[in-house]
K.L.:
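One structure, pasted below without further comment.
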Amino acid sequence: MMEKDLQYVLRRGVTEIIVEQELVRLLESGKRLRLKMGFDPSRPDIHLGHVVGMRKLRQFQELGHQVVLIVGDWTAQIGDPSGTSQTRQMLSAEEVRANAETYLQQFFKVVDREKTEVLWQSEWFGKFTLADVIRLTSKFTVAQLLAREDFNQRYSAGRPIAITELLYPLLQAYDSVMMEADVEFGGIDQKFNCLMGRELQQMMGQTPQHVFLMPLLVGTDGQQKMSKSLDNYIAIEDTPEDMYGKVMSIPDSLLMDYFELLTDVPDEELEEFRRGLSAQSVNPMILKKRLAREIVGQFHGTDASNEAESNFEKVVQKKEVPEEIMEIAFSFTSPTSGPNEKLVRPPFTHGTEGFLGEGESISALPRVISTIDIPGVLLAKSLVKSRAEAKRLIVQGAVSMDGRVIHESEAQVYADSIIRIGKRRWVKIVDADAKQ
RNA sequence: GGAGGGGUGGGUGAGCGGCUAAUACCAGCAGACUGUAAAUCUGCCGCCUGAAAUGGCUACGUAGGUUCGAAUCCUACCCCCUCCA
């Protein structure tokens, strides 16, 4: 049983383990290992890309090991040069602290807080002197650092590399020494930095850490790794509905990766899914719904994930109006004043008169009617960036009211009329007077 | 210290006195088709005004200047990059 668990943890969602044989021996020795994971508090939000590593940490915790989370309050200032971003803004100490707080809160949604130790880099780098810097940097050569692929590329392409960027791997390596890491976890793009940790530990008389590398989660665009700056991410703070919808929008090609990296669905079942997909005997959409339920459930519970699913079926698949929508108050009795301001065009032409039958009064009618300026409404609720945009959308037939496409900026609305823009934006006009 | 290159819309990147709100590509938005998948096709993609043709305003690092007219020319300043030392 134990054996099987270990194999699962070492196989599922893993790209590379350095050095695997040794790590296995170490795990079998029964020693409580110190597992290193670092993060830069340059951005506070955690998304599913981070969750891949966090889940792995959790699995090791369940085997009895200790997580040590390093808050990179110094490296955050440099910005990890890996990937596209070049220069990053320096953050103030307060920003870093606030980001870190938010991060931790989210981190412990997955990782067991009881078995986690949090260390800040400033505990050691805060005391660093120039002498220390020189001592650290003298251990490595430029050639060693240029071995890193992205440095190498930039260098040979004649593009700039800041000295602080070269420092980044060294600082990260030094963290491993200070916390006496047994294993460092990271995405495959962290390989170089983690290996530097091994070297430095060895130079400083420690047993070199093992390195546990995981695949990078591809974002919702199906192209690049999930990241906030590319806006292809699913945040763990997303509402259940959003999260569900975003999962549904990933390309089919990512389906199995997501299952493997982000859920506990057993390998045997995943095999079945794969067979079904390649034999085309199963609709990927069905599997994706399962995936979405699994993921939403992890962060919001099964009730919320079921609700998110029925909401999705109702709103997206059946194209009905969602349960909860934004409302805007409109006074039908005095359409040209009060809260309406920009909602009614100055030459107010249509009122209730003419819509009343013989002997009817306003109160006898279930709904009142008035003419309203649609772009004004959309703008007032920030559903649109400008009037111009609203008009464009109307021209393109993207705006409908009570199920009918609108072609003009002015439209007749009733109390409780519902305006829809595109696929996922709604507003409801409510009677301000009735609401009082 | 010296020589050279460059700063254009969310990104890449053309334009180098009027035809330029500014080519193209990417991203984004919307429509068709759909499974909120992919692929494809179509339209949009600075702001305000107008039903619309139109009109006005703001924008090509910053500040001035030349000109009937400037992203395009001149001056100063700021910033970035490359090479030599």
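Here is the naming used below: chain letters follow the sequence lines, and residue numbers restart at 1 for every chain.
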K.L.:
Report the distance from atom CG of A:Asn232 to atom P of B:A27, rounded to the nearest whole Å.
P.N.:
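Value for this atom pair: 12 Å.
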K.L.:
For nucleotides 28-42 of chain B, just jot down a letter per nucleotide in 5' to 3' order: B, S or -, based on protein non-hydrogen atoms under 4.0 Å.
P.N.:
-SBS---BBB-----
K.L.:
B:U49 C1' sits how many Å from A:Leu379 CG, rounded?
P.N.:
14 Å
K.L.:
A:Arg392 has an atom CZ; how far is it from atom P of B:C44, in whole Å?
P.N.:
11 Å
K.L.:
Does A:Arg12 come within less than 4.0 Å of A:Glu260, counting only side-chain N to carboxylate O?
P.N.:
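No, this pair does not count.
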K.L.:
Is A:Lys314 salt-bridged to A:Glu323, going by a charged N under 4.0 Å from an acidic O?
P.N.:
yes
K.L.:
Is there a Watson-Crick or G-U wobble partner for B:C83 with both distances under 3.5 Å, and if so, which one is it?
P.N.:
B:G2
K.L.:
Once ring-ring contact (aromatic ring centres under 6.0 Å, His included) is applied, do any residues pair with A:Phe185, and if so which ones, sequence neighbours excluded?
P.N.:
A:Phe60, A:Phe212
K.L.:
Tell me the partner of B:C41, counting only Watson-Crick (N1-N3 plus N6-O4 or O6-N4) or G-U wobble (N1-O2 and O6-N3) with both under 3.5 Å; none if nothing fits.
P.N.:
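B:C41 is paired with B:G31.
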K.L.:
Between A:Val427 and A:Ile325, does the side chain to side chain contact (heavy atoms under 4.5 Å, CB included) criterion hold? Intermediate values first, please.
P.N.:
CA-CA 6 Å; A:Val427 229; A:Ile325 60 179; over 6 Å; no
K.L.:
Taking only side-chain nitrogens and oxygens of A:Ser409, does any of them come within less than 4.0 Å of OP1 or OP2 of B:A51?
P.N.:
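Indeed not, no polar side-chain atom of A:Ser409 lies that close.
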K.L.:
Below 4.0 angstrom, N of the basic side chain to O of the carboxylate: do A:Asp189 and A:Lys225 qualify?
P.N.:
yes
K.L.:
Assess the side chains of A:Thr129 and A:Asp132: does a donor N or O sit below 3.5 Å from an acceptor N or O?
P.N.:
yes
K.L.:
Can you check the A:Glu410 CD to B:A51 C1' distance for me, whole Å?
P.N.:
9 Å
